[in-house]
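Every chain is numbered from 1, with letters handed out A, B, ... down the list of sequences.
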Amino acid sequence: MMLVVFALVLWAAGWALNVRLASGPAADTGTAQLAVPALFGLTLIVMWELIVRGLEVPGVILPPPSAIGFAFAGQWDVIWADFVQTFVKGALSGYVIGALAAFAVAILADRFDFLKRGLLPVGNFMAALPIVGTAPILVMWFGFDWQSKAAVVVVMVFFPILVNTVAGLADTAAMQRDLMRTYGASYTQTLLKLRIPAALPFIFNGLKISTTLALIGAIVAEFFGSPTLGMGFRISTSVGQLALDMVWAEIVAAALAGSAFYGIIAVIEKRVTFWHPSHRG
Amino acid sequence: MTDAPLSAPQAGVGRSGRVALRLRAVSGTVIPVLAVIAALVGLWYLACIPMNAQQSVLLAERGGAEVSPATASERRDVGGIALSLRNPDPALALAFGQDRPVLPAPHQVAAELWGSTVGLRVTSKRSLVFHGWITLSATLAGFAVGTGLGILLAVGIVHSRVMDMSVMPWAIVSQTIPIIAIAPMIIVVLYSIGVQGLVPKAVISAYLSFFPVVVGMVKGLRSPDAMQLDLLRTYGASGAQTFWRLRLPASLPYLFASLKIGVAASLIGAIVGELPTGAVRGLGARLLAGSYYGQTVQIWSALFAAAILAALLVAIISGVERVLLRRMGLMR
């Protein structure tokens with residue numbers, strides 16, 4: 001019980017410190033912007049540890065963070081192999097193929113207005129559907145290995161990127177297009193020098209949405225069958241063995257992979273669309 | 001159809017502008033959309049031929065017909081397209097009516113969908129209405145809880161600087177995480193403490209719809225600009241009055257955008273929640289059972305049922321949004 005009381009005291013102390021930081025004079029500095037959420041997260045983790053130990057919650061219901069940390073460090077090679085199987089082979093290859101396919105179709109749709117008017121509502125509609133349900137079909141077609149996971153990812157990321165790219169390609173002002181016409185620019189020149197650069201913020205929006213979808217697709221597809229390897233496989237089998245510290249370690253790995261993937265795309269976006277108002281100043 | 005602007009001279013002659021607008025919308029979207037859908041269905045039928053070629057040729061061979069690579073083991077190395085080109089007659093004739101096709105034809109899926117919704121009693125274990133309701137009830141329960149908590153947290157974030165600085169970065173980071181990976185664990189852990197059935201799935205649904213609502217609602221509650229806030233201050237409005245009269249109404253367009261994302265995520269959560277425990281009821285269970293027993297038509301019909309359900313849920317929210325926002329004058 002002492003530990004639980006201590007956890008609550010710690011919570012109050014952390015919150016008080018955050019209140020002081022957030023309402024103090026230094027609140028708008030970068031350090032405070034980083035320190036406050038970090039402190040919040042840290043307090044939560046320490047509370048979790050103390051309460052789980054204090055109430056003696058069994059490890060098959062909720063393992064303490066330290067046990068998850070040990071599982072993560074101790075089984076690093078297993079987690080790394082799962083990561084390569086699910087993320088590099090499944091999610092990343094599917095993401096690249098899906099993005100390129102969506103991009104190609106978007107340029108086609110942009111060229112032919114009829115196609116655009118037909119494809120855009122259909123694409124918007126498809127983007128809201130539970131596409132992850134195609135996983136059993138694609139696993140049946142492409143086998144248990146990473147190819148089927150990549151196929152699920154292709155289908156999942158295709159529509160968000162398509163819809164965003166088409167919207168982006170339409171986002172030039174009549175004045176800008178007229179300017180290109182007065183320069184005597186051809187269709188290709190206009191596309192490469194004006195419309196694709198103007199579409200980049202939209203394209204990156206689609207790419208960023210799709211990073212999470214890619215991981216979700218790759219992990220859920222493994223619930224329908226996989227080689228004895230992969231994050232989704234490990235999660236579902238470790239749950240069956242009640243090895244919850246391993247499950248949490250895989251979830252931490254998936255979370256880190258997802259955030260890093262998103263972060264990398266966001267950094268590239270910042271580099272490529274430095275001229276956009278949201279990145280200036 | 002002419003492409004003259006509605007405001008052109010004599011545009012109102014003959015039929016009213018409203019009718020012309022409707023007609024133009026028909027030719028502007030409906031026809032291309034129908035064309036694209038027809039093309040997709042055509043492609044689907046076309047794809048059935050090579051996808052099902054192995055089995056069509058096998059069936060033809062059993063029926064006593066001459067087929068080009070004579071034995072099944074030789075045929076295994078031949079691709080579907082090559083096989084259907086070498087045996088055009090059986091490949092074409094038998095592609096669309098198999099029991100367990102690799103790719104069922106659209107009419108097979110439609111027939112199964114019709115048969116398992118309208119053709120059966122709702123209480124039957126094979127009725128998709130029954131399975132759909134199991135999934136839908138978990139989705140709706142989770143969506144309601146997730147949305148409610150999300151709105152509460154957003155209100156807290158907007159009114160408390162500490163909460164904003166502590167929680168908001170985590171809410172944003174959580175959007176980049178494949179949260180669905182937690183689903184199997186939630187199911188099993190809740191099962192081990194004696195909770196099963198609707199509640200675990202609803203927990204996953206709530207979790208998935210929670211963060212989109214928080215992020216959208218915070219954006220919405222912050223959308224009134226300084227001018228509008230200043231105006232209310234000159235009226236001497238209290239904090240509560242500012243919230244009810246300005247922030248909340250202004251946030252509704254953002255809320256509805258998030259709700260549409262959230263309800264789709266909730267449905268996915270409920271379906272995925274049915275996968276890891278080998279549930280026997282619900283659309284996810286139909287998908288899983290179909291994939292175990294190779295019942296492709298059943299998988300496809302469950303998939304389409306899920307898609308129709310998602311479309312209906314999003315359409316209902318869009319309808320409420322349109323009526324509500326129009327009455328509030330937020331939408332033209």
**Greatest number of heavy atom pairs closer than 4.5 Å to chain B - which of A:Ala135, A:Gly118, A:Pro121, A:Ala214** = A:Gly118

**Prompt:** Is there a donor-acceptor contact under 3.5 Å linking the side chains of B:Glu274 and B:Thr135?
**Reply:** yes

**Request:** Check the angle between the aromatic planes of B:Trp300 and A:Trp141 and answer parallel, tilted or perpendicular using the 30° and 60° thresholds.
**Result:** tilted

**Criterion side-chain contact (heavy atoms from CB on, under 4.5 Å) against B:Ile204, the qualifying member of B:Ile187, B:Ile182, B:Leu190** = B:Ile187

**Complete:** Nearest heavy-atom approach of B:Ala270 to B:Ser205 is N-OG, 3.5 Å

**Prompt:** Relative to chain B, which segment of A:Leu119 carries a heavy atom at a distance below 4.5 Å: side chain, backbone, both, or neither?
**Reply:** both

**Message:** Please classify the contact of A:Val60 with chain B as side chain, backbone, both or neither, using a heavy-atom distance under 4.5 Å.
**Reply:** backbone

**Request:** Report the option among A:Asp113, A:Leu213, A:Val132, A:Thr134 that has the most heavy-atom pairs separated by less than 4.5 Å from atoms of chain B.
**Result:** A:Thr134

**Interchain contact, B:Met168 with chain A, by part (heavy-atom threshold 4.5 Å)** = neither

**Request:** Select one option (side chain, backbone, both, neither) describing which atoms of A:Ile235 are under 4.5 Å from chain B's heavy atoms.
**Result:** side chain

**Message:** Would you call the rings of B:Trp44 and B:Phe304 parallel, tilted or perpendicular, taking 30° and 60° as the class edges?
**Reply:** parallel

**Asked** Counting only heavy atoms not in A:Phe144, do more than 12 fall under 6.0 Å of its CZ?
**Response** no

**Request:** Quick one: closest heavy-atom pair of A:Leu138 and A:Ser148, and the distance?
**Result:** O-CB, 3.6 Å

**Prompt:** So do A:Ser226 and A:Lys149 actually touch side chain to side chain, heavy atoms under 4.5 Å?
**Reply:** yes

**Request:** Please flag which part of A:Ile209 lies under 4.5 Å from any non-hydrogen atom of chain B: side chain, backbone, both or neither.
**Result:** neither

**A:Val19 versus chain B, the contacting section by heavy-atom distance below 4.5 Å** = both

**Complete:** Taking every heavy atom of A:Gly230 against every heavy atom of A:Glu222, the minimum-distance pair comes out as C-OE1, 3.3 Å

**Complete:** Applying a strict 4.5 Å limit to non-hydrogen atoms, the region of B:Leu309 in contact with chain A is neither

**Residue, of B:Leu267, B:Ile268, B:Val102, B:Leu40, that accumulates the most heavy atom pairs under 4.5 Å with chain A** = B:Val102

**Prompt:** Side chain, backbone, both or neither: which part of B:Val36 has an atom under 4.5 Å from a heavy atom of chain A?
**Reply:** side chain

**Prompt:** Which one of A:Lys208, A:Met140, A:Arg20, A:Met126 has the most heavy-atom pairs closer than 4.5 Å to chain B?
**Reply:** A:Met140

**Request:** Using non-hydrogen atoms and a 4.5 Å limit, figure out which bit of B:Leu303 sits close to chain A: side chain, backbone, both or neither.
**Result:** side chain

**Message:** Is A:Ile219 in contact with chain B via its backbone, its side chain, both, or neither, using a 4.5 Å heavy-atom distance?
**Reply:** side chain

**Request:** Report the option among A:Ile137, A:Leu21, A:Asn18 that has the most heavy-atom pairs separated by less than 4.5 Å from atoms of chain B.
**Result:** A:Ile137

**Residues, nucleotides or ligands: over 12 heavy atoms within 6.0 Å of B:Ile81 CD1** = no

**Request:** Look at the rings of B:Tyr207 and B:Phe211 and say which category their plane angle falls in: under 30° parallel, 30 to 60° tilted, over 60° perpendicular.
**Result:** perpendicular

**Prompt:** Most heavy-atom pairs under 4.5 angstrom with chain A, which of B:Ala311, B:Ala35, B:Ser166, B:Ala310?
**Reply:** B:Ser166

**Prompt:** Does any heavy atom of chain B fall under 4.5 Å from the side chain of A:Ser259, the backbone, both, or neither of them?
**Reply:** both

